[in-house]
Every structure is written in C-alpha cells, then in structure tokens.
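Below you'll find the structure, written out as structure tokens, and then a few comments.
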Amino acid sequence: MTGIAAMTRTLITVAAAAAITGCGAKTAPTTGAAPPMVAADGDHHDHDDAVEGAATGEDHGHHLHADDDHVPPPAASPPPPPLPDAAQVKADLVAAESAAYLAARPVFTTYCAACHQQGGKKATAKKLGHFDMTGYPFGGHHAAEIASAIREVLGVGGGKPTMPKDKPGAVRGDEFALIVAWAAAWDAAEAASAHPDRPPHGH
Ligand code: HEC
C-alpha cells in the first residue's frame, strides 16, 4: 500500500516537473523521477535568483557586497597599459620614413636639386612636374608611387639608370644605399596606409 502511495506521489511529482520544465510528458515517466526533479529544482533555483537580482535592488547590492569580501572590487584594478595599435604602427612607420628621408636628403640635394627643386638652376615646370623634391612628401605626378619611380631612374634592382639626367649612374655606394633605404621605408609606410590622403592627381 505504501509503495503504491509513494509511486503515485512520484508520478505526480514527475508530471509536475514535466509541466514546470516544459519537457515532453512522454519522456518524464520513462527516464525516472530523479533527473526531472533535479532539473525542476535547478530551474526553480535559477528563477529565484533572477527574480531576486532583477526585482530588488537591495538584494542585488547585498550580493555585490558579499562578493567584495572575497575579491577586490573591479574598479580598484589599474587600467591595462595601452597596447600598440594600428595607429601606433603607422606612426612608427612614418617616423622611420622621416629618419630615412633626413639621411638621404643630402644625396637628393647633391644630385637632383638643380633640376627637381624649385629655384634650382636647371629646374623647369616640366622637370618639377615629374618629380619635385622642394618639400616633403615629394611632389610631382609620380608622388603616389615615388619610391618605385626613383628606384627605376636610379637603376635600383639592376635596370639602367637614367638619372641624374646629365650624369646617369652617378649615385653610387653609400649614397645609393641611403636612397634605397628611404625608398624601402616609404614603401613600408605606404603599404600600411600610413601616408595621409593625397590631393587628386592634378597634372
Ligand atoms: C640635369 C637635370 C636633371 C637632374 C640633375 C635630375 N633629373 Fe630627373 N628628370 C630630368 C628631366 C628632364 C626629366 C624628364 C624626363 C626625361 O627627360 O627623362 C626627369 C624626370 C625624372 C623622373 C620621372 C621619370 C619618368 O619616367 O617620368 C624622376 C623620378 C626623376 N627625374 C628623378 C630624379 C632623381 C632622383 C634625380 C637625382 C638622383 C634626378 N632626377 C636628377 C632632369 C634631371
């Protein structure tokens, strides 16, 4: 008799649990009473916590305070140091290019300024239109790919040099290396989109 009563109670519990959890009534009786009971308990518990936390500000505050007893409050942690980001990478590339340009500038002045700098003895609008080294970044219609243009006219990589126009191949050795280094730094900055937007090609 008691066994039947207990079984009846179990079935009622299972039915109730199935109703609470929303599980299908088909599975509950075959899987036994224990798993649905646990599920129902867990669900009930979570529900209580959610209601407690959401509905009563006091309870929520109390929970936080209890946590404070064990771990330092998050606000006390120092902010993490800023990590190198894309902007920092670009700034570094631009700085490297500037340094390479300053090192190579005397070579440009010696071999190119007469024709490609405003006020140069042989400078003409046409020459300046090709390459204008008066300021920096360089001007002229090759500005968007100035490093490869200058590599080409100097024969970097094996081609026949065409500049300086009056003395092709005159840039050699350490001076040549300074311009090659500048061109590489310019390319690295360009590849990283570190150069400011250029005005449209106005040639
Ligand atoms: C004596 C004058 C003179 C000097 C010095 C000179 N150039 Fe030129 N450059 C010219 C002329 C003229 C042109 C126009 C194209 C041509 O006639 O070959 C030109 C064109 C260029 C071009 C454009 C090439 C093209 O295919 O459009 C570049 C880049 C250039 N020069 C770079 C330099 C560099 C770098 C130096 C120094 C190492 C230099 N030039 C020295 C006269 C000169």
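Whatever order the structure lists them in is the order used to number ligands and atoms, beginning at 1.
- Each of Trp186, Tyr136, Phe108 was compared with Tyr101 under the ring-ring contact (aromatic ring centres under 6.0 Å, His included) criterion, and only Tyr136 meets it.
- Salt-bridge check for Lys90 with Asp85: failed, with every basic side-chain N at 4.0 Å or more from each acidic carboxylate O.
- Of the heavy atoms in His142, only side-chain atoms (C-beta onward) come closer than 4.0 Å to ligand 1.
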Pair Val107-Trp182, side chain to side chain contact (heavy atoms under 4.5 Å, CB included): steps then yes or no: CA-CA 11 Å; Val107 183; Trp182 162 81; over 6 Å; no

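- There is no side-chain donor-acceptor pair under 3.5 Å between Asp132 and Gln117.
- Heavy-atom proximity to Leu154, at under 4.0 Å, picks out these atoms of ligand 1: 38 (C).
- Judged purely by distance below 3.5 Å, without hydrogens or angles, the side chains of His116 and His130 never pair a donor atom with an acceptor atom.
- Side-chain atoms of Glu190 and Leu93, non-hydrogen and from C-beta on, never get closer than 4.5 Å to each other.
- For atom 8 (Fe) of ligand 1, the set of protein N/O/S atoms nearer than 2.8 Å consists of His116 NE2, Met163 SD, ordered by chain and number.
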Verdict with reasoning, Thr109 to Met133, per side chain to side chain contact (heavy atoms under 4.5 Å, CB included): CA-CA 9 Å; Thr109 300; Met133 56 166 281; 4.1 Å; yes

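- Residue, atom and distance of the protein heavy atom nearest to atom 5 (C) of ligand 1 are Tyr111 O, 3.2 Å.
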